[in-house]
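Structure record follows, encoded as structure tokens.
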Amino acid sequence: MASTKKRSTKTPAPQGGGPPAQVPDAGGHFGAYGGRYVAETLMPALIEVEKAYAAAKADPAFDADFRSMLRHYVGRPSPLYFAERLTEAWGGAQVYLKREDLNHTGAHKINNTLGQGLLARRMGKKRLMAETGAGQHGVATATVAARFGMACDVYMGEEDIRRQAPNVKRMHLLGARVVPVSSGTRTLKDAMSEALRAWVAAVDTTFYVIGTVAGPHPYPVMVRDFQSVIGIEARAQMLEQAGCLPDMVVACVGGGSNAAGAFFAFLGDAGVKLVGVEAAGYGIATGKHAASIGAGQRGILHGSKSYVLQDTEGQILNAHSISAGLDYPGVGPEHAFWADSGRAVYNSITDAEAVASFHELARLEGIIPALESSHALAEAKKQAIALGRNKTVIVCLSGRGDKDLENVLEHETGKA
Amino acid sequence: MSRIQETFAGRKAAGQATLVGFLMAGDPTFEASEQLARAALDNGVDVLELGVPFSDPTADGPVIQAAGQRALAAGMTLGRTIELAARLRKDYANPIILFGYVNLFFIHGYETTCREAAAAGADGLLVVDLPFEESGELRASLARHDLNLIPLIAPTTPDERMGLILKDAGGFVYYIMVKGVTGARSAVADDLSEHVKRLRRHTRLPIAAGFGVSDGPQARAVAAHADGVVVGSALVKAGAEGRLVPLVREIRAALDA
């Protein structure tokens, strides 16, 4: 186990402080970001979800159900694991991995789909629908639909169906229908557009399970709340295991749900630096990346205002990342808010750097990380070295990498 | 009296419904779309909705998605759409509405958009994904330039929301008849009459109904209840297939009969 580090400056409280109470406001605005930008047909449905969620949040029975399912079905709490060999190899700060990869279905996504599935059940909905990029959110939604006896349609870009074939098979096995999306780049952006279209037509009977902290209010706040268990656990585990708060928390950011969940409990801990990691793809300078905060502008995409990859006319650009889960030209509005306020910083990691970290963790710790999480690892390596030995870093290991094996091989064959 | 009010009032006085037609600006080129717009106005479209192409049109079905892609491929922009409106304004007194997604107007700047649209002789904006709650800033700019924000009402919109949306609205009300994206449908929603009655309790503005209207008989069925009929995907499709004029004439004849 790690040697404990004493911090004299403050005595940490057992729970995080959370953000100022006015964020988001009643309309779901995180400062200049967020809100609700959808067709009028969807507005009543969003207001219905918002009201139902507010009622559920105030109901101790809902929380008890959620916690019980997280424990017995998902397998929480997930371990906070001190990565001893990784720490030695990097020669910098002590590295702890928050093992979301050990959750049922192999990623953090289930925390959110379980919460939304319970809400859908409470609202009497019989059918779930979802968009998916890497397929992790699709699998997690299909899983919850099966568990609650609901029908499930998952919208997935044709390109992602090709890149993530094992997850497509899993969704089929779980009884979900996978709807191929052939518009645009055939990736997550187009899947989300198509899911919004399909929801408009089926809004009476169907609950739309958005997989990240993006989309129209109340999704960004609701998804963050359901994912906040990551940071709440990690914070308590860190205090227990190391006797101190971490100096830094690092998480990858596509839409940003695992990062929002990991960061939220630490917002009130001024000494904990929060680092989000976007996908730099082939490199920011090439234009082939998915760094919405790093290289995008303010805009409105898929129901909320945030940073968006777009041209000077406001047309949405195609994102690129080796990781399907990060391959999205937008980002959750709360991340845009944290980026502007400086509470979190956002850096980016290239495809090649992520693949190197994918291998490194497999070899040094016997853990095969998702390519999404590999971006967080690659950034954490730089940060840990810069911080030095006397510091601690938590990396959110958001998912496992079995789904990415073929994709990594393809990347390496292409390079050879 | 605004051009929109005059147009609806004129048709009403003649016992006819107003025909609102949607065409995508720049589809398949700037020039060709101008010719289509002229043909539509020459043959019976009263109010022209000029679509501004967007990369991610989340409320549109396949026909208008494809039209937007063609227009973008031909280099169409919001600025060029406003230019198209200005060219049409030289020859036509019909109301022209710019129809698009909020990000296009946000990036161009709400104030700039309104100033340029007013200078071009446009009458208003219709923003598909801008609910009333988020529209304050744009409405302020529109008001400064004497332009209308065309309000959208869906079958899912409850009464208290109708009241909120229509309290200070101008122009005409666009009633979306069906839950779904744009595109032709085989039958007109049978609850139209009930929804229009509900709407009239909240507004004195003329009501145009659309989404799914594709031929003369359907247009006539809608006109039995609403003041105007909106035809979108069917016109876009007809334009692409070289049969815009006969379709517009068919619908016009059905409304005038």
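Below, each value reflects all heavy atoms present in this structure, side chains not excepted, and no hydrogens, waters or symmetry copies. Each chain gets a letter, A, B and so on, in the order the sequences are listed, and its residues count up from 1.
Residues B:Pro53 and A:Gln315 share a closest heavy-atom pair of O-NE2, 3.0 Å. The shortest heavy-atom contact between A:Pro44 and B:Thr156 is CG-O, 3.1 Å. Contact detail for B:Thr58 and A:His302: the closest heavy-atom pair is CG2-CD2, 4.0 Å.
With a 4.5 angstrom heavy-atom cutoff, B:Ile153 touches chain A only via backbone atoms. Looking at B:Gln69, there are no atoms closer than 4.5 Å to chain A (heavy atoms on both sides), in backbone or side chain. Only the side chain of A:Ile47 comes within less than 4.5 Å of a heavy atom in chain B; its backbone stays farther off. Looking at A:Thr312, only its backbone comes within 4.5 Å of chain B, counting heavy atoms on both sides. In this structure, the portions of B:Phe54 lying under 4.5 Å from any heavy atom of chain A include both its backbone and its side chain.
Taking chain A as the reference chain and counting heavy-atom pairs below 4.5 Å, the highest number among B:Ala66, B:Pro57, B:Gly79 is found for B:Pro57. In terms of heavy-atom pairs under 4.5 Å with chain B, the best-connected choice from A:Gln297, A:Lys305, A:Glu194 is A:Lys305.
To the nearest 0.5 Å, atoms OG (B:Ser55) and CG (A:Leu301) are separated by 8.0 Å.
Between A:Glu313 and B:Arg80 the shortest side-chain heavy-atom distance does not fall below 4.5 Å. Taking the side chain as every heavy atom from C-beta outward, A:Glu40 and B:Ile165 approach each other to under 4.5 Å.
Around the CZ atom of B:Phe132, the shell of radius 6.0 Å holds more than 12 heavy atoms that belong to other residues, nucleotides or ligands. The 12-atom threshold is exceeded at NZ of A:Lys125, counting heavy atoms of other residues, nucleotides or ligands nearer than 6.0 Å. In this structure, A:Arg122 places its CZ atom where more than 12 heavy-atom neighbours from other residues, nucleotides or ligands lie under 6.0 Å away.
The side-chain contact (heavy atoms from CB on, under 4.5 Å) with A:Gln310 is formed by just one residue from the set B:Leu104, B:Asp56, B:Ile107; it is B:Ile107. Remark: of the listed residues A:Arg36, A:His217, A:Met43, A:Met43 is the sole one forming a side-chain contact (heavy atoms from CB on, under 4.5 Å) with B:Glu133.
Under a 3.5 Å cut-off, the side chain of B:Asn103 and the backbone N or O of A:Gly314 do form a donor-acceptor pair. For the pair A:Thr41 (side chain) and B:Ala154 (backbone), a donor-acceptor distance under 3.5 Å is absent.
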